Amino acid sequence: MNLATKTIRSVDDLKDVVATYERFGEFALDVETRASRKVRMLTLPGDIPPATKGTSRAATRTVVCPSCGREFPPRHGRKWCDDLCRLAAEKDKPALDARTNAVWSISLAGPGRADVIPCGHPDPRQQLEVDDVFAALEPLLFSDRRKIGQNVSFDLLSIAKYYDGAIPPPPYGDTLTLIFLLNENLPSYKLGALSKRYLGLAYADKLGEHAYTTFFEKAVRYSLVDAKMAWMLWWKIHPKLTKATARKLADLFDLEMQVMHVLMNMRQAGAFVDLEEFHHIRPELERQFTEKLAEIREMVGACKCERPRWVERDGINLNSTAQLAHYLYDEAKLRCEFLTEGGARSTSAQALKGLTKRHPVPGMVLEFKDLQKLQSTYISGYIPHIDEDSRIRASLNQTRAKTGRLSCSDPNLQNIPARHKETFEATMVRRLFRAPPGKKLIVADYSQIELRILAHQTKDRLLVYAYTHNLDLHAQTASLIWRIPQDQVTGEQRAIAKNSNFNFAFEGGPGRVEAMSGIPIREAEEVYSAWHRAYPGVKKWGKTVKRFCWEHGYVETLYGRKRRLPEITSDDWKERSYAERQAVNHPIQGTAADIAKIAIVEVHKTLQDFDAALVLQVHDEFVIEVAERQVDEVLPLVRTAMEDIRLGTRPVLDVPLEVNISVGNNWAECK
DNA sequence: ATGGGTAGCGCG
DNA sequence: AAAGCGCGCTACCCAT
């Protein structure tokens with residue numbers, strides 16, 4: 001395919017372009033952007049020390065921190081005034097922040113042509129003004145024409161700034177999501193790799209973020225090529241979905257595009273947090289774990305290890321598995337019970353826990369690690385992501401998890417501590433995710449969705465029975481394992497049964513239940529066989545799924561989302577077994593993901609009539625921000641949106657979906 | 001200095 | 001015989 005290309009430099013040319021593309025039902029687009037701000041301001045409002053501009057002689061002895069703007073005494077080799085500012089500089093990528101970046105070029109591609117509109121490249125030659133360009137493009141972008149692009153949500157969000165935050169409306173055609181749906185195992189989803197694979201066109205996409213600083217002609221060509229490639233990819237690949245055999249995939253793709261729209265809105269809104277508390281907790285935790293560290297170092301003392309590098313100065317580094325293992329197993333002569341995958345002596349929490357009875361240090365190390373983890377990952381790690389309006393705008397990614405789940409990054413808000421720790425309140429971070437003034441948080445989560453899907457998929461009589469009769473499945477399991485009436489089940493038995501349900505359902509073995517419940521392996525083995533006697537449909541279904549995968553090379557969810565597993569036929573036992581467990585897992589986890597995606601679209605639609613917005617998605621859980629006065633009205637609508645999920649015209653599962661909903665002022669409160 | 005691999009760990 | 005899957009992030013460590 002050879003496309004006529006043009007560089008647009010005048011208002012007349014721009015008018016021509018708009019008139020031309022208005023004749024098309026769909027077009028591809030790509031924007032090039034640059035950073036328009038420095039890294040995020042890290043200090044609290046009102047906490048910013050006045051940057052004394054050379055008024056005192058101190059100015060000659062201080063340097064300005066590039067992150068926060070504060071002056072600080074220069075220390076050898078230090079660019080930033082403290083760790084937080086260093087983190088901010090490392091994490092923050094202003095050019096890729098669609099909310100603040102500046103567009104300096106936009107390119108379009110359609111049937112037989114491609115055009116590029118430079119509008120802010122530093123080259124001195126004639127260019128249009130970016131505001132004029134977007135004013136002219138408005139009828140095109142805000143029409144029902146399909147907007148196509150590679151990772152087009154980034155482009156659309158970058159564009160939205162120029163329309164007061166209004167996102168160009170659907171329909172969308174994201175080539176990244178399209179290709180991921182058709183093949184989730186590619187080594188790279190960059191445009192260069194995809195065009196080589198699907199179009200046989202090799203082109204260098206190494207320019208990346210440097211496009212802005214490179215020569216005009218090259219930069220413009222680069223900008224143009226991306227739109228062109230996206231257009232060609234779309235036309236090469238999308239027709240595959242229109243075949244009658246691809247009906248399910250076509251529906252899934254439509255769903256993904258609707259989800260993309262929701263995610264763009266969520267990203268714009270962000271999650272409100274208590275910035276002041278973040279800054280309050282950080283030094284407090286730091287104090288606690290440095291204290292603990294000093295205590296431990298006191299006891300560990302200097303070590304006669306042959307690597308003096310880490311002994312001489314500060315004593316043992318507890319974050320180093322090598323040093324910790326050396327101390328525990330060589331110096332303190334403790335018996336090593338666990339090995340790592342790589343064969344090294346393990347210093348995992350599990351291993352340390354087993355040593356606490358014999359030695360005081362492992363327990364202290366555990367406490368130290370808990371505090372340090374909380375501080376580094378969830379406090380210091382999050383602060384550089386907080387915007388000036390006290391909101392965190394993480395990325396929710398649609399093309400990472402091969403089962404179809406969403407993933408979350410920069411920062412990951414899907415792994416915030418939720419469970420209690422013995423020594424301290426680990427849910428403190430959740431408490432920092434708050435409802436802004438005048439609003440409440442609603443948390444709605446599916447109850448045991450994966451086990452319900454298991455019941456549906458396996459058709460196991462007693463699993464289905466438990467859910468259709470709204471029984472306590474874990475108690476039922478305990479009653480079946482130990483052959484006792486349900487009202488005689490102890491709390492401990494129920495806990496073991498619960499672990500069994502989650503483990504054995506996905507090809508888990510007795511070893512895991514042994515580890516989690518702390519019961520002897522012999523007992524765990526008995527529980528294992530009793531569980532499978534109680535629910536014979538599970539193993540039977542597992543065998544069927546594995547055979548299907550072996551014959552077809554893939555497995556799929558109820559909605560037809562495929563997972564290709566070529567290793568299923570491997571001769572290597574380890575590889576093959578892994579693939580088999582993945583095969584059994586995918587129809588469960590993947591179907592849950594499909595349901596969650598349908599739900600997120602429905603919930604988002606529902607909230608449009610209210611002063612409410614989705615804030616977070618954690619797989620089977622939605623966090624929603626809603627005006628206080630509307631809470632009572634919204635609650636039942638959210639429940640219906642989530643519970644009434646259909647496949648075609650019928651409810652998706654043979655068993656009901658159940659949703660728990662709670663309301664509160666912060667996330668920790670809702671449970 | 002920067003990148004990849006490993007260990008470890010948070011969540012569902 | 002032995003067996004959970006799916007993510008992302010921090011820190012360390014060694015190589016380039």
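In what follows, chains carry the letters A, B, and so on, assigned in the order in which the sequence lines appear, proteins first and then strands, with residues in each chain numbered from 1. Not measured: the values here are computed from a predicted model.
For a distance-only test at 3.5 Å, the side chain of Gln414(A) fails to qualify as a donor-acceptor partner of the base of dC11(B). In this model, a side-chain donor or acceptor of Arg405(A) finds a partner on the base of dG12(B) within 3.5 Å. No N or O donor and acceptor, one from the side chain of Asn412(A) and one from the base of dG8(C), sit under 3.5 Å apart.
Both Tyr528(A) and Leu565(A) lie near DNA chain C, and the one whose nearest nucleotide falls closer to the 5' end is Tyr528(A). The residue among His619(A) and Pro510(A) whose nearest nucleotide of DNA chain C lies closer to the 5′ end is Pro510(A).
dC7(C) is paired with dG10(B) under the criterion used here, namely a Watson-Crick or G-U wobble arrangement in which both key atom distances are under 3.5 Å.
Comparing dG8(C), dC11(B), dG8(B) by their closest approach to the side chain of Ala418(A) singles out dC11(B). Comparing dC9(B), dC7(C), dC5(C) by their nearest atom to the side chain of Lys373(A) picks out dC9(B). For Asn503(A), the side-chain atoms get nearest to dG4(C) when compared with the rest of dC13(C), dG4(C), dG12(B). Listed nucleotides dC7(C), dC9(B), dG4(C) differ in distance to Glu450(A); the shortest reach to its side chain belongs to dG4(C).
With respect to Glu567(A) and Arg576(A), no salt bridge is recorded, no charged nitrogen being found less than 4.0 Å from a carboxylate O. Salt bridge Asp460(A)/Lys540(A): absent, no basic N to carboxylate O contact under 4.0 Å.
Straight-line distance from the CG atom of Leu324(A) to the P atom of dA11(C): 16 Å, rounded to whole Å.
Residues Val584(A) and Ala505(A) come closest through the heavy atom pair CG1-O, 4.3 Å.
Shown for residues 576-585 of chain A: residues whose heavy atoms fall under 4.0 angstrom of DNA chain C, namely Tyr578(A), Arg581(A), Gln582(A), Asn585(A).
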